[in-house]
Amino acid sequence: MLEQAVSNLISDDATLSRKQLAMRDRENELLQIACSIVEREGFAQLNMDKLAAASSYSKGTIYNHFNSKEDLFAALAIQALSKKIPLFKSALDFEGSSREKLIAMHAGMHLFSKLSPILAMCALVSRTPAVTEKSAPERLEKLNTLEDLVVSFGDKFIELGQSSGDITLAPGITSDSIVFANWAMAFGTSSLVNNATQSSCVSRQHDTNIVLQNLNFLLDGMRWMPLSCDFDYQKTWDRAEKDLFGEEVALIENQS
């Protein structure tokens, strides 16, 4: 089911007409410009006037793509989820235990947050009432579909852990709880690492893989085997970066 969903996501391009492909490319161009505006001025300062001024398109053309700035935020979130899904699939195919696969997923997500911090934040911005109330219904439907797919991938990691005997859920703990805990830990840690570097709480973590450290705290607490005291998960993280995400690592190194 997951394989088919990902295949459908990738094969959409094959069903688009030349005009639709041109519309999609123009929309992607506008989303890239929107990200640049947010990077310079923040989410609150992004509006349709600034997007028109920063692009070669009229405001009318822009409204053909987005009915409001809130709809624009939802479109950015869709782009973010579309880029994350292949990372999840790669991690599921990663060679290793269920916990190593999960760690590979977190490595990919952290690299994504470093490469595309604006898109990474859209997961939060796009779910505020101000955005959901003013976004186009068809946009929200696609956003919900993609989010459900991402959650399904999260469930798959838990299922692998259970079927392999690496984790046994305690009474009252569900897959939903563990998926959310992983997302909250990853999102919160990456957001702090990327945006609060001047905080003494962050800066004193010098030379520490904070995401992996917090992930091990979480997974050890769940008794997801092998425990970090018995296995070197930094080697797993390094192997995932090399085998799965070499292109992303190279891009980040070139930005430095």
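In this chain, numbering begins with 1 at the start of the sequence shown. Given the structure is predicted, the values throughout are model-derived calculations rather than measurements.
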Checklist entry - Same hydrophobic cluster for Met48 and Leu31, using side-chain heavy-atom links shorter than 4.5 Å among ILVMFWY? => result yes

Next on the checklist: Are Val193 and Leu115 connected into the same hydrophobic cluster when the rule is that any two of I, L, V, M, F, W, Y join if their side-chain heavy atoms are below 4.5 Å apart?
Outcome noted: no

Checklist entry - Between Leu30 and Tyr63, is there a shared hydrophobic cluster once you connect ILVMFWY residues whose side-chain heavy atoms come closer than 4.5 Å? => result yes

Checklist entry - Is any side-chain heavy atom of Leu102 less than 4.5 Å from a side-chain heavy atom of Trp224? => result yes

Next on the checklist: Taking CZ in Arg223 as the centre, count heavy atoms belonging to other residues, nucleotides or ligands within less than 6.0 Å. Is the count above 12?
Outcome noted: no

Item to check | Side-chain donor-acceptor pair present, Ser97, Asp166, cut-off under 3.5 Å | outcome: no

Checklist entry - Where do Arg99 and Met225 come nearest, in terms of heavy atoms and distance? => result CB-O, 4.0 Å

Item to check | Over 12 foreign heavy atoms within 6.0 Å of CD, Gln234 | outcome: yes

Item to check | Nearest heavy atoms of Gly161 and Ser98, plus distance in Å | outcome: CA-OG, 3.4 Å

Next on the checklist: Would you say CD of Gln20 has more than 12 non-hydrogen atoms from neighbouring residues, nucleotides or ligands within 6.0 angstrom?
Outcome noted: yes

Checklist entry - Would a 4.5 Å heavy-atom cut-off, applied to side chains only, mark Ile167 and Leu219 as touching? => result no

Checklist entry - Atom CD of Gln45 and atom NZ of Lys69: how far apart are they, to the nearest 0.5 Å? => result 8.5 Å

Item to check | Close side-chain approach of Val211 to Met109, heavy-atom, < 4.5 Å | outcome: no

Item to check | Heavy-atom pair of closest approach, residues Lys83 and Pro86 | outcome: O-CD, 3.4 Å

Checklist entry - In terms of hydrophobic clusters joined by side-chain contacts under 4.5 Å, are Leu169 and Val151 together? => result no

Checklist entry - Is a side-chain N or O of Thr189 found less than 3.5 angstrom from the main chain of Ala186, in a donor-acceptor match? => result no

Checklist entry - Phe112 and Phe245: aromatic ring centres closer than 6.0 Å? => result no

Checklist entry - Do we see a donor-acceptor contact under 3.5 Å between the side chains of Ser203 and Ser200? => result no

Checklist entry - CG of Leu149 to CG of Leu81: how many Å apart, nearest 0.5 Å? => result 9.0 Å

Checklist entry - Could you go step by step and tell me if Glu241 and Lys114 meet the salt bridge (Lys or Arg N to Asp or Glu O under 4.0 Å) rule? => result CA-CA 13 Å; Glu241 288 191 336; Lys114 293 182 73 173; over 6 Å; no

Checklist entry - Is there a side-chain contact between Met121 and Phe187, using heavy atoms and a 4.5 Å cut-off? => result yes

Checklist entry - Which heavy atom in Ala52 sits nearest to a heavy atom in Ser58, and how many Å separate them? => result CB-C, 4.5 Å

Item to check | From Ile103 atom CD1 to Ser228 atom OG, the distance as rounded to the nearest 0.5 Å | outcome: 8.5 Å

Checklist entry - Got a second to check how far Cys35's SG is from Arg40's CZ, nearest 0.5 Å? => result 11.5 Å

Next on the checklist: Less than 4.0 angstrom from a charged side-chain N to a carboxylate O is my criterion; do Asp238 and Lys242 meet it?
Outcome noted: no

Checklist entry - Do the non-hydrogen side-chain atoms of Ser126 and Leu76 ever get within less than 4.5 Å of each other? => result no

Next on the checklist: Which heavy atom of Phe153 sits nearest to which heavy atom of Phe88, and what is that distance?
Outcome noted: CB-CD2, 3.5 Å

Checklist outcome for this item: Closest non-hydrogen atoms of Asp71 and His65, given as atom of the first, atom of the second and distance, are OD2-O, 4.0 Å

Checklist entry - Within a strict 4.5 Å, meaning less than it, do heavy atoms of the Gln213 and Gln205 side chains meet? => result yes

Checklist entry - Do the non-hydrogen side-chain atoms of Met23 and Arg26 ever get within less than 4.5 Å of each other? => result yes

Checklist entry - Is there a path from Leu124 to Leu192 through hydrophobic residues (I, L, V, M, F, W, Y) whose side chains come within less than 4.5 Å of each other? => result no

Next on the checklist: Would you call the rings of Trp237 and His110 parallel, tilted or perpendicular, taking 30° and 60° as the class edges?
Outcome noted: tilted

Checklist entry - Any side-chain heavy-atom pair from Glu70 and Glu133 closer than 4.5 angstrom? => result no

